[in-house]
Amino acid sequence: MTKNENAYIVGIIAEYNPLHKGHAWHIQKAKELAGAKYCVAVMSGDFVQRGAPAIFDKYTRTAMALEAGADLVLEMPSIFAASSAEDFAACGIALLDRLGVVGSVCFGSECGNMEEISRAASILALEPDLYTAALKEQLKKGFSWPQARAHALSLTGDFDKELLDSPNNILGIEYAKALIRRKSPIRPITVLRQGSGYHDTGFSDVFCSASAIRKELEANASNGGEGLPASVLQGMPSFAGRFLEQAYPVFLNDFSTLLNTALLRMTAASDPFEQYLDVSDDLAARIRKELLSFSSFEDRIGALKTRQYTYTRISRALLHLLLGITDQEIMAGRAADYAPYARVLGFNRGASAVLSDIKKRGTIPLITKTADAGNLLEGTAWEMFQKDLFCSHLYQAVVSGKYHTRLKNEYTHSVVMKS
C-alpha cells in the first residue's frame, strides 16, 4: 500500500460479546460507507466494558469476527477494556490512530446522525464554562456521573434527550471526542443501529442484541441445557454454530468465588480497596460492610447498588478489585497514550499488506507472538501487557475449572488466521 491509501482501511472498536448478525452487517456496512478494502477491529479481550467476563473467550470471538469480514483483530489493553466509556473509547481510538494506516472509524448509534454526535463531542472535548458549571451543579445534587453529564450537555447544547441516554450514542460521542482531542485525521462515520436496542432481551426478526443472546445462553445453562438454543443461532450468523461447538460460555457469577477470595485476601493484607479503579471511599466502606456475605457476584452488586452508584459502575469496581486494576495503573496507561502496543489476535491472510504497512508506518510495536513481547516492550507498556496476560489466564482458569478441560494458555495460543 502507498501512503495515500489510508482511506481504504476502516477501523471498528467492538466487544463482539458475542458476535451477532448486527455485528456482521456493521462490518460490511463500515467497508461500504468508508470505501474501504480492509477492516481493522479493536476488540476487548476476555473482560468487557460493562464490568463482566466476555461470554466466550477472545480467540473464539476473534475467529468469528474474521469470518464476518474483519481483516485484522487487535486486542484492546485490558485495563481500558474494562474501564469507563471515556477510557474505553480513548484507548480504542488511540490504538487505531497509532497504527498509522486507518483512514476512518465506523460505529453504530441509535441516532445515526454524525453531525449531532460531533456537536456533543466538541462540548465534551472543549469543556466550555457553561457545561462545566452545569456538571458541577448536577453532581452536587447527588446524580451519578452519567446522569449529571447528560443533563449538563442538554443545558449547554439543546440536545435531544435520547441522544444522551442511549448507550451506543454515548460511546459514539466518546469516540468523536477522542478524535477531537487527539487532533486525529481519522474520519468518524456512524451507522443507524438496526433491530433491537442495546439492552433489549427479546428476539426480533431483524437483529437481536448481544444482551438477548447472553441472557438466553445463561438461562439455557442454568436449566441444564446442552448445545445452543435455536433462538441464539437465529440471532447469530449462519457460521456461528461451528465456532461455538468448541466454545465454553462463562457468566459473571462463575467468578464469585474468586471475587470473595480476592476481597478476603486484600482485607487480611490491609490492602486498601480505595486504591482500585472506580472504588470511592464510600463504596469501599460499603464493600467492607458486606465483606462476609459470601454472596454471588451479581448479589454483591445488588447489595451495593444505590442511586449514585449504577449497576455497571459497581460491577466494574468489583471487577477491578478482582483483576487488581488500580488508579495508578490507569494514570500510567493514560500517560503512555492508552495504547503503547498493538497485540494481534488474528488476521485474514489476504490482508497481510495491512500488517506490513503497520510495521512501516505505525508508532507502536506490533506483537504477533506472546514470547516476543519482552523484547519489544518496556516500562508501562510491559506492565500493561503483563496485566493482559494475567486477566486472560484468570479467565482461562475459570473456564478450565468449570468445564474440567485443559485449555491453551497465552503462551501456547497461536494467532487466529483465516485463509
Inset, instruction - Carefully, step by step, assess Ser256 and Ser296 under the rule side-chain hydrogen bond (donor to acceptor under 3.5 Å, both in side chains). - result: CA-CA 5 Å; Ser256 300; Ser296 71; 4.9 Å; no
Legend entry - Verdict with supporting geometry, Ser122 and Arg119, side-chain hydrogen bond (donor to acceptor under 3.5 Å, both in side chains): CA-CA 5 Å; Ser122 294; Arg119 190 163 67 89; over 6 Å; no
Contact check, side chains of [X] and [Y], non-hydrogen atoms, under 4.5 Å:
X	Y	result
Tyr403	Pro249	yes
Phe159	Ile123	yes
Glu15	Met43	no
Ile13	Leu171	no
Leu366	Val344	yes
Tyr131	Leu126	no
Val279	Leu321	yes
Leu407	Val399	yes

Output yes when [X] and [Y] qualify as a salt bridge under the 4.0 Å nitrogen-oxygen rule, no when they do not.
X	Y	answer
Glu410	Lys58	yes
Glu274	Arg288	yes
Glu75	Arg61	no
Asp337	Arg182	yes
Lys29	Glu32	yes

Quick one: [atom1] on [X] to [atom2] on [Y], what's the gap to the nearest 0.5 Å?
X	Y	atom1	atom2	answer
Ser44	Tyr16	OG	OH	10.5 Å
Leu283	Asp278	CG	CG	9.0 Å
Asp357	Lys359	CG	NZ	11.5 Å
Cys208	Met236	SG	CE	8.5 Å
Glu216	Leu233	CD	CG	10.5 Å
Met266	Ile287	CE	CD1	9.5 Å

Atom of [X], atom of [Y] and distance for their closest heavy-atom approach:
X	Y	value
Lys305	Arg286	O-NH2, 4.1 Å
Ala89	Tyr175	CB-CD2, 3.4 Å
Ser83	Leu277	OG-CD2, 3.8 Å
Ala82	Arg316	O-CD, 3.3 Å
Ser154	Leu164	N-CD1, 3.8 Å

Legend entry - Gln28 CD: over 12 foreign heavy atoms closer than 6.0 Å: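 Correct, the count exceeds 12.
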Legend entry - Heavy-atom neighbours of Glu290 CD exceed 12 at 6.0 Å: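 Enclosed: over 12 neighbouring heavy atoms sit under 6.0 Å from CD of Glu290.
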Inset, instruction - Determine the interplanar angle of the His23 and His20 rings, folded into 0 to 90°, and report it as parallel if under 30°, tilted if 30 to 60°, perpendicular if over 60°. - result: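 It falls in the parallel class, under 30°.
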Inset, instruction - Hey, can you tell me if Phe80 and Tyr338 have their rings parallel, tilted or perpendicular (30° and 60° cut-offs)? - result: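 Plane angle between 30° and 60°, so tilted.
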Inset, instruction - Verify side-chain hydrogen bond (donor to acceptor under 3.5 Å, both in side chains) between Ser280 and Tyr309, making sure each step is shown before the conclusion. - result: CA-CA 10 Å; Ser280 65; Tyr309 298 117; 2.6 Å; yes
Inset, instruction - Check Ile173, Ile180, Leu135 against Leu124 for a side-chain contact (heavy atoms from CB on, under 4.5 Å) and give me the one that passes. - result: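 Running side-chain contact (heavy atoms from CB on, under 4.5 Å) over Ile173, Ile180, Leu135 with Leu124 returns exactly one hit, Ile173.
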Legend entry - side-chain contact (heavy atoms from CB on, under 4.5 Å), paired with Leu72, selected from Leu355, Val101, Thr62, Leu66: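 Running side-chain contact (heavy atoms from CB on, under 4.5 Å) over Leu355, Val101, Thr62, Leu66 with Leu72 returns exactly one hit, Leu355.
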Legend entry - Steps toward side-chain hydrogen bond (donor to acceptor under 3.5 Å, both in side chains) verdict (Arg343, Thr370): CA-CA 9 Å; Arg343 186 186 187 192; Thr370 303; 2.9 Å; yes
Inset, instruction - Not counting sequence neighbours, which residues clear salt bridge (Lys or Arg N to Asp or Glu O under 4.0 Å) with Glu86? List them please. - result: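 Partners of Glu86 by the salt bridge (Lys or Arg N to Asp or Glu O under 4.0 Å) criterion, ordered by chain and then number, come out as Lys177, Arg181.
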Inset, instruction - Any pair with a residue in residues 132-156 that passes salt bridge (Lys or Arg N to Asp or Glu O under 4.0 Å), sequence neighbours left out, goes on the list, sorted by first then second residue, please. - result: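 Every salt bridge (Lys or Arg N to Asp or Glu O under 4.0 Å) pair that includes a residue of residues 132-156, provided the two are not neighbours, is Arg149-Glu174.
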Legend entry - Identified salt bridge (Lys or Arg N to Asp or Glu O under 4.0 Å) partner of Asp71 from the options Arg349, Lys31, Lys37: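 Checked Arg349, Lys31, Lys37 against Asp71; only one passes salt bridge (Lys or Arg N to Asp or Glu O under 4.0 Å): Lys31.
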Inset, instruction - Take Asp87 and Arg334, measure what salt bridge (charged side-chain N to carboxylate O under 4.0 Å, His left out) needs, and give me the verdict at the end. - result: CA-CA 8 Å; Asp87 278 332; Arg334 290 170 182 160; 2.7 Å; yes
Inset, instruction - Could you tell me whether the side chain of Asn169 and the main chain of Ser109 form a donor-acceptor pair under 3.5 Å? - result: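 No; judged by distance alone, with no hydrogens or angles, the pair does not exist.
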Legend entry - Main-chain N/O of Ala65 paired to Lys418 side chain as donor or acceptor, under 3.5 Å: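 The answer is no, because no donor-acceptor pair under 3.5 Å joins these two groups.
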Inset, instruction - Please report the C-alpha distance between Phe143 and His151 in whole Å, then the side-chain angles of each, then the deciding distance to 0.1 Å, and finally whether the ring-ring contact (aromatic ring centres under 6.0 Å, His included) criterion is met. - result: CA-CA 10 Å; Phe143 288 104; His151 192 66; 7.1 Å; no
